[in-house]
Undergrad: 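Sharing a structure here in structure tokens format.
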Amino acid sequence: MKTIEQIAAELQGYDPQAISAERVNDFLARLVEPVGETETRPVFDALGRVLAADVVSPISVPPHDNSAMDGFAFDSAALRANEPLSLRVVGTAFAGKAWASPVGPGECLKIMTGAIMPAGLDTVVPLEFVKTEGDHIVVPHGVVSSGDNRRLLGEDLMAGQPALARGQTLGPAALGLIASLGLPGVQVFRRIRVAYFSTGDEILSLGEAPREGAVYDSNRYTVFGLLTRLGVDVIDMGVVPDEPARLEAAFRQAAAQADAIITSGGVSMGEADHTKAMMKQLGDVAFWRVAMRPGRPMAVGRITEAGKSALLFGLPGNPVAVMVTFLAFVRPALQRLMGGTARPPVLLQARSAEALRKKPGRTEYQRGIVQREPDGSLSVRTTGNQGSGVLRSMVEANGLIVLHHGQGSVAVGDAVDVMMFDGVV
Ligand code: AMP
Ligand code: MG
């Protein structure tokens, strides 16, 4: 486990007072180590979990050549150029039952989708293509060629082939694939626990009466939602007032129970509060001014309690800044902690429907609404007021326009990158 000082020394040109968004992720990749513990879980319990070992297919899928259609199976050697083919139907092969008796020259077998292709037969003509005449069918010339409508043994996966790789997060398709291999369970990393609390004397919990100068806590709810969708166990520690004893107790309790701690508020420059002092006292923490908007101030490191340490993400207080810093930094870091293979989000390109003012030298995340234009191209407009306290803008947006560190102002019609929310937000 590396200290903040060691990581800082490894990163060229590291400046905590002006750290780029990209550098933040480099830093976190060095700070965060995947959890070691693994467990075997039944397939139904594995949704959203991260594979701890490659899954190698113990069987071939499908396990036998089979019909892809309801139709008639025959030997394509009988097909003649420019001539219809007449075949005698000798029986019916159903899915799940092997057809045992031989099918000779001039004969065919009615076959259902998924039924095993009997030996010697290689082609299926769909029911709707043939004419039935008594116990015979006539296959018109040109409707099928050799090998049509037959699924081959192992065409999905051959026995011994890797089906899924360690570090992959299991989604619905992966669950189905694992089940298709006949595997009742898989080895996954254990779930991680993330504790979070909001700080600030002006922050009201739900149920408290409004009072002058106070605002209701929204950060715990957005963080709860983001964490839950990420598939971690959450520990909600409420609102912690700006009192050293309460903060200390909260940090110690969180570090004892959780793998990571997320706080919001109390890390900006002008703060006359105790949050930063307590982080410094209880842990190994870097305090940054990130060259980004929204979300400049941020604290990152580890808090240690009774020999056990937890990662710390001290996020800014502004509601949009919390969500943006979570998406840009915390989410990839937690995925790494969960054992996941880093997969940077695929940014989509859209034409900006408006001019955007931007200074090179910081990354900006503007709330965007992407839509498809009548000509088929994608356009994006902003949600309007980009204030870092305007949480409504996150609800209206379907993605974040990412204006990269070196990028300058954008003219109408320029292509910009967008990080789509895709069910994450
Ligand atoms: P801070 O980073 O503590 O200076 O907070 C920046 C702004 O975010 C202030 O206007 C705070 O009132 C607001 N804020 C801080 N925490 C929360 C929270 N949990 N919910 C809503 N607003 C917050
Ligand atoms: Mg504050």
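Note that ligands are numbered from 1 as they come in the structure, with each ligand's atoms numbered from 1 the same way. Quick note: residue numbers are just sequence positions, from 1.
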Undergrad: In sequence, state the C-alpha distance, the side-chain angles, and the governing distance for R49 and E39, and then conclude on salt bridge (Lys or Arg N to Asp or Glu O under 4.0 Å).
TA: CA-CA 11 Å; R49 302 291 291 269; E39 58 187 354; 2.3 Å; yes
Undergrad: Mind checking whether S218 contacts ligand 1 via backbone (N, CA, C, O), side chain (CB onward), both or neither, at a 4.0 Å heavy-atom cut-off?
TA: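 The part of S218 near ligand 1 is both the backbone and the side chain.
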Undergrad: Using only atom types and a distance under 3.5 Å, with no angle test, would you say the side chain of Q187 pairs donor to acceptor with the backbone of T38?
TA: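 No; zero donor-acceptor contacts below 3.5 Å.
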Undergrad: Where on R220 is there a heavy atom closer than 4.0 Å to ligand 1, on the side chain, on the backbone, on both, or on neither?
TA: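 For R220, no heavy atom sits under 4.0 Å from ligand 1.
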Undergrad: Using a 4.0 Å heavy-atom cut-off, which part of P297 comes near ligand 1: side chain, backbone, both, or neither?
TA: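 Neither part.
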Undergrad: How close do S218 and P319 get, heavy atom to heavy atom, and via which atoms?
TA: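 Closest approach of S218 to P319, heavy atoms only: OG-CG, 3.6 Å.
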Undergrad: So is D217 polar-close to ligand 1, meaning N/O to N/O under 3.5 Å?
TA: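 There is such a contact, yes.
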Undergrad: Just distances here: any N/O of G265 and N/O of ligand 1 closer than 3.5 Å?
TA: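 Among all N and O atoms of G265, none is under 3.5 Å from an N or O of ligand 1.
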Undergrad: Counting heavy atoms only, which part of I203 comes closer than 4.0 Å to ligand 1: side chain, backbone, both or neither?
TA: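 Within the 4.0 Å criterion, I203 contacts ligand 1 through side-chain atoms alone.
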Undergrad: With sequence neighbours excluded, what pairs up with R193 under the side-chain hydrogen bond (donor to acceptor under 3.5 Å, both in side chains) test?
TA: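 side-chain hydrogen bond (donor to acceptor under 3.5 Å, both in side chains) list for R193, sorted by chain: empty.
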Undergrad: Which of the numbered atoms in ligand 1 are under 4.0 angstrom from any heavy atom belonging to G266?
TA: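 Matching atoms, with element in brackets: 1 (P), 2 (O), 3 (O).
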Undergrad: Pull out every atom of ligand 1 sitting under 4.0 Å from any heavy atom of P319, numbered as shown with elements.
TA: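 Those of ligand 1 that fall under 4.0 Å from P319 are 21 (C), 22 (N).
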Undergrad: Should E10 and K2 count as an ion pair when the cut-off is N to O under 4.0 Å?
TA: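 Counted as a salt bridge, because a side-chain N and a carboxylate O are separated by less than 4.0 Å.
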Undergrad: Please round to the nearest 0.5 Å and tell me the distance separating atom CG of L127 and atom CG of D70.
TA: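 With rounding to 0.5 Å, CG (L127) is 5.5 Å from CG (D70).
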Undergrad: Identify, by atom number and element, the atoms of ligand 1 in contact range of Y216, meaning under 4.0 Å from any of its heavy atoms.
TA: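 Going through ligand 1 atom by atom, the ones under 4.0 Å from Y216 are 20 (N), 21 (C).
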Undergrad: Could you walk me through whether D259 and R190 satisfy the salt bridge (Lys or Arg N to Asp or Glu O under 4.0 Å) test, starting with their C-alpha distance in whole Å, then the side-chain angles of each, then the deciding distance to 0.1 Å, before giving a yes or no?
TA: CA-CA 11 Å; D259 300 293; R190 74 158 167 84; 2.8 Å; yes
Undergrad: Can you find an N or O of P316 that's nearer than 3.5 Å to an N or O of ligand 1?
TA: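 No - when backbone and side-chain N and O of P316 are compared with those of ligand 1, no distance drops under 3.5 Å.
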Undergrad: Give the numbers and elements of all ligand 1 atoms closer than 4.0 Å to a heavy atom of S198.
TA: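 Per the distance check, 19 (N).
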Undergrad: Determine whether R252 and E305 satisfy the following criterion, salt bridge (Lys or Arg N to Asp or Glu O under 4.0 Å), listing intermediate values before the conclusion.
TA: CA-CA 6 Å; R252 287 192 187 279; E305 165 66 7; 2.8 Å; yes
